[in-house]
Amino acid sequence: MANDSNRFQAIISHAKEYGFVFPSSEIYDGLQAVYDYGQWGSELKKNIKDYWWDSMTRMYENIVGIDAAIFMHPTTWKASGHIDNFNDPMIDNKDSKKRYRVDHLIETWAEDKAFSFKTKKVYPEHLKDVQGFMDERIDIPNPTEGNQPSDDAQKAKSVLEEMDKLLAKDDFVGLKKLIEENDIRCPISETCNWTDIRQFNLMFSTEFGSTVSSEDEDNKVYLRPETAQGIFVNFLNVQKTGRMKIPFGIAQIGKAFRNEIVARQFIFRMREFEQMEMQFFIPPGTQKKWYEFWKEERMKWHLGLGIPKENYRFHNHVKLAHYADAACDIEFNFPIGFKEVEGIHSRTDFDLKNHQEYSKKKMQYFDNDIDPATGKPYGNYIPYVIETSIGLDRMFLLVMSHAYEEQDLSTAEKQDSRVVLKLPNKLAPVKLAVLPLVKKDGLPEIARKIMDDCKSSFRCFYEEKDTIGKRYRRMDAIGTPFCVTVDQQTKEDNTVTIRYRDTMQQDRIPLSQIKEIVSKVIL
Ligand code: ATP
């Protein structure tokens, strides 16, 4: 079952127990929706960053990277529309005092409806239409056999369609009616006692200087809610100094901050998180072509990790953000269901045009290329933009969720099990564990030599404590693809045992081949 909260809980516990993710300032009971990455988590995160950064800035010759500051001139956020538009419609339950994002509340209710119907088993023929929709919108595995009609799923479908229409019109009265008419209840109080729906701005603010009061709007600065604006305000700097020719892209990895109201689900939704964004500048009128291009390229990037494609799907936006003329999400089948991991947005010339207007600086580009529509050179224009925006923390959760496996290894003689993280080799925090079988007889010295030989090429880990079985299990739990064990035979013939994480198979190989074997599969 896809919506498997036990599995999700197990992943969260595992992430903490093995040094991947800790609640922030845990000794003070943590801070809601803020997390710290531990010794292995920060390695995994860095490897994901490198995989993205290298593919963007090396594999595409026309993309360069930047690293802009988190604080930006406050007018940036006026121009980008975030001060006026970065709002989510919220509703409070008067009994539990909990606040919900309206679309999340309705979607969760619809998913529950779909799941309850799923257990009833339905004929695929009856479901054809609904299933097509569900594949787009709600996670629902292929129904098998049975004889129940799919009333609940039909209902979920129509309510979601209605929600999309009402959201697109900002019709809050209609949305509240939709919630009440369908008896959508607060998951905590289980009542339908709702306030009116209101907009809530998600930006954090603080002040510059030492003597200002918090009401002083002039000194108010925001913690950026997206990294994209740092790219837009540097468009001309990069274009000119890098002598970049359109089409070209600017990539950036950095922190973003949002005062999320429904801040739950571990690192899926955080108040401080990291984004990996790329803005691709193109001539006006070519946005459809480039939007499709980047949808395909980004999906290829995901599939390049070896995660099967049935775990991914596109979800097209019905309600477009204020800056977009087309948008979709790449969704992944998380243990909490299919959810967004990356957004691909056709942002038009909205951002550059507004920055030109607010800053009074020209954001134009002179293009000698021929416009196929007119047969003449494009001349001067404000470029259009296709954005690819992926959450680093969500990507981390995606990788962990897919890799986490509990295996029962029991035999007739004894009970046994293991937890293994089948991480893609190139992302694994540690590539090779070097383990002397015993702590004597010169074995640690040989193991140390292997460490010295390999550690400048990839991340290695040395351990001599505990039985070899326990050490293997610990390496499985952090996703180390290879362990080599140095034993008495090593002294005689210079061979070691190499153990493969996924199969647990063990082979005898010459010591001199270790580096080559590992290097080959971690690229
Ligand atoms: P959602 O609908 O889940 O709030 P969004 O559509 O607002 O996300 P975008 O503004 O498109 O998200 O941001 C791009 C990416 O940044 C998302 O696909 C997601 O991976 C990541 N992201 C956005 N908000 C958060 C958050 N609060 N915590 C972690 N990652 C986030």
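In each ligand, atom 1 is the first atom listed, and ligand 1 is the first ligand listed. Given the structure is predicted, the values throughout are model-derived calculations rather than measurements.
Closest protein heavy atom to atom 19 (C) of ligand 1: Arg394 NH1, 3.5 Å. Nearest protein heavy-atom neighbour of atom 18 (O) of ligand 1: Glu340 OE2, 2.6 Å. Among protein heavy atoms, the minimum distance from atom 21 (C) of ligand 1 is reached at Gly391 CA, 3.6 Å. Distance from atom 28 (N) of ligand 1 to its nearest protein heavy atom, with residue and atom name: Met270 N, 2.8 Å.
By the 30° and 60° cut-offs, the orientation of the rings of Tyr365 relative to Tyr381 is tilted. Using a 30° and 60° split on the angle between ring planes, Phe232 and His355 fall in the tilted class, from 30° to 60°. Using cut-offs of 30° and 60° on the angle between ring planes, the pair Phe281 and Phe248 is tilted. Using cut-offs of 30° and 60° on the angle between ring planes, the pair Phe334 and Phe332 is perpendicular. Ring geometry for Phe204 versus Phe257: interplanar angle over 60°, hence perpendicular rather than tilted (30 to 60°). A perpendicular orientation is assigned to the rings of Tyr60 and Phe293, their planes being inclined by more than 60° (bins at 30° and 60°).
In this structure, the side chain of Arg459 does not engage the main chain of Val430 through any donor-acceptor pair within 3.5 Å.
Polar contact with ligand 1: absent for Ile390 (N/O pair, distance under 3.5 Å). Taking distance alone, with nitrogen or oxygen atoms compared against 3.5 Å, Arg269 approaches ligand 1 more closely than that limit. Polar contact with ligand 1: absent for Phe273 (N/O pair, distance under 3.5 Å). The N/O atoms of Ile267, backbone and side chain alike, include none that comes under 3.5 Å of an N/O atom in ligand 1.
In this structure, Lys78 is not positioned above the aromatic face of Tyr358 in the sense of NZ or CZ being under 6.0 Å from the six-membered ring centre and within 45° of the axis.
Heavy-atom contacts of Gly343 reach the following atoms of ligand 1: 18 (O) (cutoff under 4.0 Å). Residue Phe268 approaches ligand 1 through these ligand atoms, each under 4.0 Å from one of its heavy atoms: 28 (N), 29 (C), 30 (N). The contact set between ligand 1 and Arg101, taken as ligand atoms under 4.0 Å from a residue heavy atom, comprises 2 (O), 4 (O). If you number the atoms of ligand 1 from 1 as listed, the ones under 4.0 Å from a heavy atom of Ser389 come out as 13 (O), 14 (C), 15 (C), 18 (O).
The aromatic ring centres of Phe280 and Trp290 sit less than 6.0 Å apart.
Of the residues listed (Arg198, Lys98, Lys97), the one engaging Asp92 in a salt bridge (Lys or Arg N to Asp or Glu O under 4.0 Å) is Arg198, and it is the only one.
At a heavy-atom distance under 4.0 Å, only side-chain atoms of Gln275, from C-beta outward, approach ligand 1.
Distances shorter than 4.0 angstrom occur between a heavy atom of His345 and an atom of ligand 1. The shell of residues lying under 4.0 angstrom from ligand 1, judged by heavy atoms, includes Val341. By the 4.0 Å heavy-atom criterion, Glu260 is counted among the residues contacting ligand 1.
Which of Met395, Glu342, Arg258 comes nearest to atom 9 (P) of ligand 1 through a heavy atom is settled by distance: it is Arg258.
In summary, Arg313 and Glu331 engage in a salt bridge, as defined by a charged side-chain N under 4.0 Å from a carboxylate O.
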